[in-house]
Amino acid sequence: RVLRIIGQKRSLLALSAAGFGLSLDKEYGDSLVLGGAETTLLELVGAYGALATGGNYVKPLFFLPATSDPANDNSKQQRLWDSAPVWLINESLRDDSRLPVGLRGDSIAFKTGTSHGLRDAWFVAYTPSYTLALWAGDSSGRSHEGLTGLKLLAPTAVSLMRALGPAPDWPGPPEGLERYKACPISGEPVSPNCPSFKWAWRLSAKATTSPCTLHVRRGGQIVTLWPPELFDYMTRTPQAKTALPKPVIVSPPDGAIIRLGYGAERLPLKSEGTVGDVYWYVDDAFLTKSSVGTTPVIALTIGSHRVSLLDARGLTSKSEFKVLAPKSESAGVLTVKR
């Protein structure tokens, strides 16, 4: 959803600035947020190294320079990201409870990766001093059971980082952050209906005083209003006290402006929070009925359009969007009016 709001073109430009050699004209789709694009170990080292330095990108070297070769000069730093959001990311990736018990306690930030079909395993570990990226796989491209980043590579990565010496202290929170009482489930400011709270950090410029909307009191009881994208998963347990959400059309998001080109001639229709079969309408004309696991696709034509749906409960949702003609120097395919 965030990718659709930002726009793939803008996201690709940001990744390109971080050293990834991605094609700006290729349509990667939603899998881009999960790493569904080509990359190399060296590119991963550079991008995660920028997190290690607090947001400064330093081009990694193939080998340590034996001489002062200008081609190996990595002294020039490029500022990629503000230090405050980078600090929040590093705090999250330093959570070593994700590691097996015997590998914890070294204050190492890390991220794992496993490709579709168990064909590749990745592990990136970093501290303020070192960034390490590991890959394991079969050169023939075959899949192997157990070929996952965490299971296979975590012991090797932690051993290598320990061999480099104790990790230095991580920097404290920079300016632009503030502490607040957060609902541990929604992350929003705690409300009287939240069952508990935790102290958390947030960006001061993005802070809101609106209390948590996930927990409400109904009929003398506190119920959890799970958002549509989590409702099906969270209500599989009989103990869950929830209220049915309204369906939401997430593709196309309401208010979207889609420019033809960059592979945007066809658009998948996706919803969240629906129950049972979904009946789709485009410009108030019936299109098709979809069941769980199927995604209708429509051809885009220039102009203003309206998509609506009806689920098995009789609940509806609508999304209005515009399609523009191709433009050679478009800043992105998809934007959302604010």
Side-chain angles (χ1 to χ4, degrees), residues 1-6 30 33-34 84-85 87-89 91-95 97-98 173 176-256 269-281 290-293 295 306-321 336-338:
R1 179 180 295 174
V2 173
L3 177 66
R4 295 172 191 153
I5 292 175
I6 295 174
D30 291 349
V33 300
L34 296 175
W87 188 87
L88 292 175
I89 294 172
E91 283 293 290
S92 177
L93 295 185
R94 285 173 57 198
D95 177 12
S97 66
R98 300 173 292 152
L177 294 174
E178 64 182 30
R179 294 271 278 175
Y180 74 109
K181 286 185 177 181
C183 170
I185 300 178
S186 70
E188 298 173 331
V190 67
S191 78
N193 298 320
C194 294
S196 61
F197 76 90
K198 68 175 183 179
W199 286 101
W201 292 95
R202 64 183 177 183
L203 299 174
S204 303
K206 304 293 183 180
T208 175
T209 57
S210 300
C212 173
T213 57
L214 198 65
H215 301 101
V216 298
R217 185 175 295 275
R218 290 184 177 176
Q221 285 189 322
I222 294 178
V223 297
T224 304
L225 299 176
W226 295 113
E229 62 268 28
L230 294 178
F231 175 77
D232 291 338
Y233 175 78
M234 297 302 298
T235 55
R236 290 174 190 167
T237 57
Q239 299 85 357
K241 296 181 179 180
T242 64
L244 289 173
K246 293 182 179 180
V248 175
I249 297 176
V250 297
S251 177
D254 190 39
L269 302 180
K270 298 181 181 180
S271 63
E272 293 171 352
T274 54
V275 174
D277 291 337
V278 177
Y279 297 84
W280 292 93
Y281 300 81
S290 66
S291 56
V292 176
T295 303
R306 170 191 173 104
V307 171
S308 57
L309 64 77
L310 175 72
D311 74 355
R313 298 169 295 171
L315 297 181
T316 63
S317 180
K318 68 178 180 68
S319 174
E320 297 181 352
F321 65 100
V336 174
K337 295 185 293 186
R338 300 193 179 278

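Counting from 1, the numbers follow the sequence of the chain as shown. FYI, side chains are in, hydrogens and waters are out, and symmetry mates aren't considered; it's all heavy atoms of this structure.
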**Prompt:** Atom OG of S251 and atom CG of D30: how far apart are they, to the nearest 0.5 Å?
**Reply:** 7.0 Å

**Prompt:** Which residues satisfy the side chain to side chain contact (heavy atoms under 4.5 Å, CB included) test with S308, sequence neighbours excluded?
**Reply:** Y281, K318

**Request:** Could you walk me through whether E188 and T208 pass side chain to side chain contact (heavy atoms under 4.5 Å, CB included), step by step?
**Result:** CA-CA 8 Å; E188 298 173 331; T208 175; over 6 Å; no

**Asked** Do S317 and L310 have side chains that get closer than 4.5 Å, going by heavy atoms?
**Response** no

**Request:** Quick one: closest heavy-atom pair of P252 and F321, and the distance?
**Result:** CG-CD2, 3.5 Å

**Asked** Side chain of S191, backbone of P211: donor and acceptor closer than 3.5 Å?
**Response** no

**Asked** Distance from T213 atom OG1 to N193 atom CG, nearest 0.5 Å?
**Response** 11.0 Å

**E272 side-chain N/O to V250 backbone N/O, donor-acceptor pair under 3.5 Å** = no

**Complete:** All heavy atoms of A182 vs all of G187, minimum pair found to be CB-O, 4.0 Å

**Item:** Test side chain to side chain contact (heavy atoms under 4.5 Å, CB included) applied to H215 and V223, step by step
**Value:** CA-CA 6 Å; H215 301 101; V223 297; over 6 Å; no

**Request:** Could you tell me whether the side chain of S271 reaches within less than 4.5 Å of the side chain of P247, counting heavy atoms only?
**Result:** no

**Request:** Let me see the working for W226 and I185 under side chain to side chain contact (heavy atoms under 4.5 Å, CB included), right down to the final yes or no.
**Result:** CA-CA 10 Å; W226 295 113; I185 300 178; 3.7 Å; yes

**Message:** For L309 and I249: C-alpha separation, side-chain torsions, deciding distance, then whether side chain to side chain contact (heavy atoms under 4.5 Å, CB included) applies.
**Reply:** CA-CA 8 Å; L309 64 77; I249 297 176; 3.5 Å; yes

**Request:** Please tell me if the side chains of W201 and W199 come closer than 4.5 Å, counting only heavy atoms from C-beta onward.
**Result:** no

**Prompt:** So do R98 and L93 actually touch side chain to side chain, heavy atoms under 4.5 Å?
**Reply:** yes

**Asked** For the side chain of R202 and the backbone of P189, is there at least one donor-acceptor N/O pair under 3.5 Å apart?
**Response** no

**Complete:** On a heavy-atom basis, the closest approach of D311 and V275 is OD2-N, 3.3 Å

**Item:** Listed partners of L203 passing side chain to side chain contact (heavy atoms under 4.5 Å, CB included), at least two apart
**Value:** A84, P85, L88, L177, K206

**Message:** Can you give me the closest heavy-atom contact between D95 and S97, atom names plus distance?
**Reply:** OD1-OG, 2.7 Å

